[in-house]
Amino acid sequence: MDKALIPEGVKRCPLPVFGLWMLVLFAVIAWGIYAGLTVLLKGLNVTGLNNYFGFGLYICVDLGIIALGAGAFFSGFLYYGLSRFFPQLKELHKIINLAVIVGFCCYTGALLVLLLEIGQPLRGWFGYWHANVHSMLTEVIFCISCYAIVLVIEFVPIILENRKLDAIKPVHIFGHNLHEIMAIFAMTGTFLSFFHQGSLGGVPGVMFGRPFAYREGFFVWPWTFFLFTLSAMACGPAFTAIICRIIEKVSRKQLVDRSVYELIGKIEGGLLLTYLILKGLDTLYWALDTAPGFGLKLSDFYQEPYGMWLLVAELGICGVIPVILLLTPQARKSNGLLFLAFFLDCTGIVINRFAMTVEALAIPVMPFDHWAVYIPTVYEWAPCIAMLAYGALIVSLSYRYLPVFPREPELNP
Amino acid sequence: MSGNAHSEHAAGKVRYGMVIDLDKCTGCGACAVACQQENNIAFRPDESNKLRTISWLTLYRLENGKDYPEHREAMLPRPCMHCDSPHHAPCTFVCPVNATVRDEHTGIVDHIAVRCIGCRYCMVACPYHARSFNWWDPKWPKTMEAMLSPEVSPRMRGVVEKCTFCHHRLNRARDRARINGEDPDGVEYTPACVEACPTGAITFGNLRDPHSQVAKLAKDPRAFRILEKLHTEPKVYYLSSEQWIHKQSDNDLS
Amino acid sequence: MSLGRRAFLQFVGGAIGGTLLTPIPWKLADDSAIWTQNWSWRPSPERGEITEATGTCLLCPGGCGIQVRLVNGHRAIYVKGNPDHVVNRGGLCPVGAAGLQYLYAPYRVTQPLKQTGKRGDPKGFQPISWDEALKVVAAKLTELRQKGQPHAVACLTGQSRSSTADLWKQFFAAYGSPNLYTMPCHSDSTRLAVALATGQEADLAFHLEKATYVLNFGAPLLEGWASPTRAQRLFSRWQTEQPGVPETEFVHVEPRCSLTASKADRWIACNPGTEAALALGIAHVLIREKLFDAAFVADQVFGFEDWTDAAGAQRKGFKALVLGKYSPQDVASLTGVDAEVIQELARQLARQKNAVVLWGPPTDTPNNLYHDLAFLALNALIGAFSSKAMISLVPPQPWQALPDPAMDMEAFKGQGQKPLGQPASTPKTKVRPNTVHAFFNALANGEEYPIELLFIHEANPAYGLPENALAVQALQKAGTVVSFSSYLDETSAYADLILPNHNAFERLDDVIGLPGAPFAFYAVATPILSPQYDTKATGDVLLSLAKALGGTVAQSLPWKSYQDLLKLRAAQIAQAGSGTLVDATFDPASVAPGAPLKPNFSKASDVWRKLTSGLCWVDAPQALDRYATPSSRLELACQGLLASVSANAGDELFMAHYAPLNPSGDAGELPLLLITHRSLSLAPGYVPNAPFMNKLLPDDLLLQQDVFVEVHPSTGKKLGLRPKAKALLKTPRGEAAVRVRFAPTVPAGVIALPEGLGHTAYDEYVQGKGVNANAMVEVQLDPVTGLGTVWATRAQLRLA
Amino acid sequence: MGEVKNSTSKKGLGLVFFLAGFVGALLVGWLVFPNLLYSSKQQPLNFLHSSHEDLSCEDCHFTREDGSYSGVPGVEMCAECHEEPMTESEDERILVEEYIQQEREIPWLVYARQPDNVYFSHVAHTEEQGIECVRCHRDVSAEDKMPVYKENRLTGYSKNTIKMVECEKCHAEKGASNSCHVCHK
């Protein structure tokens, strides 16, 4: 019944099946909305947040999602900016649409959750009006807004490529023109994303009251700035690749050439290696000089459940292993290993974001203070899961109704 | 933009600070109760979840870590430190909406609840847990609304609040000075906690006035500040003759 | 229709554009910001002129001066200490600081109430008028008198240091009942000990301001001892270095690492209840090494050496008994304190210029008489009673005397009745034993004679009396219970009639004497604001009742109002011409016992005016140089006990000795010892813990509904407990669900429970938090005095 | 051409629709909305400064010794002259019977009422300091009727309440401190 909307040359599952899937997603989203409204009406007391854990699941998911979603900008940068110089990057055009969609979902979803994070959502606009130029959160507020706008702009052409919409001539012309200036937006978005991820990395630079997170001088600018940017670049495309793979599995189709995955693998492997080296040095300096300067040893920062295993997991399991896998041609050839690496890559970034938020708050700064443990409530899980569902919804709808994968027809004859 | 306070770390003549003598402090809690009474701090039937309670002045119990009978405890009252770190306090740096700003003429770190959007970044930034979030709407028993003070605005849900060094008393003192034709800058006043302390453990005043008691005590050999290594430059000093308390004032290796 | 759709979109676009050019979105945003700041359900304080009223805090016997800020003269918004007040000099305890939460408490009784349902059911109360209420009580009183049962009227008051207490005494004397009791406190036993040792009826005055060494056996100096804020000031004074002034060393003896123990210069950890043994051990060393004040002992002490009793029998003296039974080794095994430490303490104590020994239970309950005598003896040995005058006496002041009550025959007969439950062994001294536990025990068990009318005034025995279950049983056994409570507390729930008193900040009252203070004291508590509700001062109620009764009772209480009585006090002070009206500049260290202070007043109006403006009357205590004992000396061997103990009694029964009363229960089944403790952030007395104070309670003392019992980690592990685990606490007196806090504040085998929790009355902010310690402890009647003492209670703790 | 015209006219029609929405929104925003946003309230009784010229401003509006400002006089002040009705007006009757005799405060609606969170110091804003009363308050000297009190239905505040931006601007001009706690409590 919705065949008219489905792009030409591709096949989609029956509408009832898709409808059922939509229902599931809507149910989850409804659940999340209910939870969100409960938070808005009753207050944050229904969450697991407290005075020690001012940041929690919301922030963690937000930061993680934004990092994963940064793949859109980076992919765009690679495709629109660098492919002139490195022709092999042209291949990315096969997945760039999905990247934009994923980015759009991530950023807009993050914006929604952001509203739940603040105690006075109705005053959220103060961030634009009474902005504190020194605050990283100000930068976050402005940047997320810009990125969302940029992603919307980047998304629109994809939407306009819908069969029905494309039929409308001005829309077609508009969409076509948009496509032309997409590179500009992509580049803009990339730079903004770089700065945004970097400003997220700059957060530790102002947290001199939190030794676990604090980074100083050179290590804030440009080091941590680039670390955050780099980590986002190192996982964003991987996330997109994973999404793509999931769609392939669900649709039992091949949507992009294997070479795209390999290319992403190489790129991500190199970026992740670079990130690991720099992150290692950053962590070293923090552990050797900054933290001792605050009177703290490395072991002071780890206590169950926020144990050393987190560091090992973040840098070891989700850092070194993916690098090894991604930089080993033989491993890249294996889908299992490749996507395991991608998965570990993305997991690592989430662990990192978790460590920089929740874990950092668990650590008592005052010697006579105690370790606290944070347990999110259903009112925190629900909105986050709903946001993921929202993303899934958008991706699902986009895949069904928009020509997201240019190579789909050829690869699935 | 608004709230564009002079963000340079002024070399002014006034820096209100506090010295708390832990040798004298018996942990009675009168200071904290007075603070709650003075500042219309909301309370709930169950205050046992210390991570959700609103407390501008928190009493920490320090233990010397020894077994009976060498075990010793001490109580440490902790208000907002009104950090004087150059340029910005940990909290004023991070607030995206300038809801918390340090007044470079007095050193007081303000938190304007009506500007606050409740993002809790300042709570995350403060190493002293000086800030409390209003997790619930404040609700006083009807009859107890009568004891609310008009000098301090009650806060509502979703915003952060913290010790103000009773700056409303400063404003009143300034007005009195204006009436009496005196200089409103540099007036002396007394916060509620200082007033209430039965042992006289808390001293408050202008740290930059060398003749003031608080300035002298801040230089006492027994004086220390919590987390000196963070260089937050807190304006609340503590006095103690116990080495084990000094040791717990900051993180140290071994 | 495509046009419609597109047109619709265009219209919407235009509308959006237009709206953006109107103030709607901007104004709404702005207003939403302001609205979020002023939600309608957020209380907004009344604005207006702020004034300050001066008064005296009546929430505890501490007598602190306060200043209260009022908005528009009728809303109290803040209580602070009066910096010019001689007692507290500007500070306040948390109870006082939170005082307004009692004034504006939702659980206040706003008018007289009559129980229309089952006794104990809070919902059964119905309002009645004052006229009606007073009639009922007066009728009952008249009836009982006419039946010749004036002794069937009893009263328990918690306000023992005010003119209201004197009114009660006057009333009961004129009415004819011996059953007037106060809530138990340590001074019940110390006053008896003082009477036996010195022959004087007086409170002890500890000259702590001039002490260079304070050896404290258990008194919770910093947890609400005596006058709490004054104690804090004292401690602060000790902590302050002053050029040319010797520092004060404070040594604290206690089994638990309390705040006082931690703050002490030195904490001597001893086994629970063995403080008196330690004191006697120290006395042993002092005697053996001849370190005691030999001149004072030789000159003014009886019973140090072997003595002969009135019957001519040779009796061993204090010296012989102490040297024989309290060697450091012996005491060490009893107390757990090293013999060397005992010797060191003794030598250190002896070396001091101005040493004084304090003592008291961690909670305010009467002590074992012999133990009180032990500490008195130790003070005697170190010369604290000598010309150094580290301890002196504060007897009832001359101006305190009310006109002798007019007594008719009924009064005489009633007064002649033995107080209900009082044992025969109670010492015959000027001090009347406050055998309140014996009274409740007899009442609950229906022994001796019934109580037809029971008055409860400023007391909550159903909650606050150790072994509170006894009080509940007694309340249910009493004929008619009349409560004068301001609050619907646990006890008033059992009342038949509630005649609400003015709140502490609403009433005019006075404070007579400060516990432990080295001076005689009097202060007037002026009302901070006019009464909020239809309440009446109990003093006025009493006067009304007396007037209603007429006759000799009315004669004995002739005053028109309570205020008249207080003004009489002022007049009598002016007339006596002794003492002085002081502010904070008065230094107690400058007071010398026996040297009355020169008056700085002339007329009664002068006195009254100053008293009502915050000044206090003080006078020098009595020098302990005159003894009304059989020997006309300070009696370490209390000959006054000849009537209380058997003629064949051991010599030690006439003097201080370590005589622990064994707690009941099977040691095997109940292997632990339970001790209770206080904290300044937990109000254990008449008033409950204020919500502001609840914030101060650490989450390892109270977590939601559960109170934490302090257990030594080794004990906890042995019992299979984990930190924070829920457990079942069991004592001979009851069971309770608790949580476990592993803390090295108590020795192995001892557990500690805080007082002040476990309320069942009041409101949600108060009730349902923790366990009432009074329900778990065991009270043991002193075999000599009959006072209800609390030592340690056998207990069991197991995982829930 | 017809088609073209149609398209144009369609576009024209689109423009018409757009304009309709636009103008309508403007009208609603500028005319209807304010009335919806603000409710009009009357004072409990009419007070005229012009009728009290025998009194000076400072008789009712003064700074207390503690620095606080008494802007609205209490009914006690009124009772000094109005113990008995001085005129026959309804306002006079209401004053005497419902307030003075009952010893009840008159619930005036304060035009310049500031939110709880605002600390305003009159003693720091005096004529001597170059700040006249009319800068913030209406000129009451020649008023023959108290203005209608406009209350914001959402916020509950008077329409005349001075907003923060105006304060900040003036402070900046005068070199006065714009520190938060200067005006907030």
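Chain naming here is simple, since letters A, B, ... match the order of the sequence lines and numbering starts at 1 in each.
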Check: Is chain C contacted by the side chain of Cys28(B), its backbone, both, or neither, given a heavy-atom distance below 4.5 Å?
Finding: both
Note to self: Between Ala201(B) and chain C, with a heavy-atom cut-off of 4.5 Å, which part of the residue counts as in contact: side chain, backbone, both or neither?
What the structure shows: neither
Item checked: Engaged part of Lys80(C) at the chain B interface, taking heavy atoms whose separation is under 4.5 Å -> side chain
Margin query: Which atoms of Glu63(B) are under 4.5 Å from chain C, going by heavy atoms: the side chain, the backbone, both sets, or neither?
Written below: side chain
Notebook entry, point to check: Side chain, backbone, both or neither: which part of Asp46(B) has a heavy atom under 4.5 Å from chain C?
Noted result: both
Next item on the list: Sort out for me which of Pro255(C), Ser714(C), Ala264(C), Ala690(C) touches chain B most, counting heavy-atom pairs under 4.5 Å.
Entry: Pro255(C)
Check: Out of Asn88(C), Leu697(C), Val71(C), which one racks up the most heavy-atom pairs below 4.5 Å with chain B?
Finding: Leu697(C)
Margin query: When you compare the side chains of Glu195(B) and Tyr78(C), does any donor N or O come within less than 3.5 Å of an acceptor on the partner?
Written below: yes
Check: Hey, does the Lys NZ or Arg CZ of Arg120(B) hover above the aromatic six-ring of Phe133(B), less than 6.0 Å from the centre and inside 45° of the axis?
Finding: yes
Notebook entry, point to check: Does Trp136(B) have Arg44(B) sitting over its ring (NZ/CZ under 6.0 Å from centre, angle to axis within 45°)?
Noted result: yes
Check: Is it the side chain or the backbone of Lys66(B) that comes within 4.5 Å of chain C heavy atoms, both, or neither?
Finding: backbone
Check: Which bit of Asn40(B) comes within less than 4.5 Å of chain C, counting heavy atoms only: side chain, backbone, both or neither?
Finding: side chain
Next item on the list: Let me know if Asp700(C) has heavy atoms under 4.5 Å from chain B in its side chain, its backbone, both or neither.
Entry: side chain
Item checked: Sole candidate of Glu223(C), His252(C), Glu254(C) that passes side chain to side chain donor-acceptor pair (under 3.5 Å) when paired with Thr260(C) -> Glu223(C)
Margin query: If I measure from the heavy atoms of chain C, does Ile117(B) come under 4.5 Å with its side chain, its backbone, both, or neither?
Written below: neither
Next item on the list: Go through Pro106(C), Pro744(C), Pro43(C), Cys64(C) and name the one with the most non-hydrogen pairs under 4.5 angstrom from chain B.
Entry: Pro744(C)
Next item on the list: Return yes when atom NZ of Lys216(B) has more than 12 non-hydrogen atoms of other residues, nucleotides or ligands closer than 6.0 Å, and no otherwise.
Entry: yes
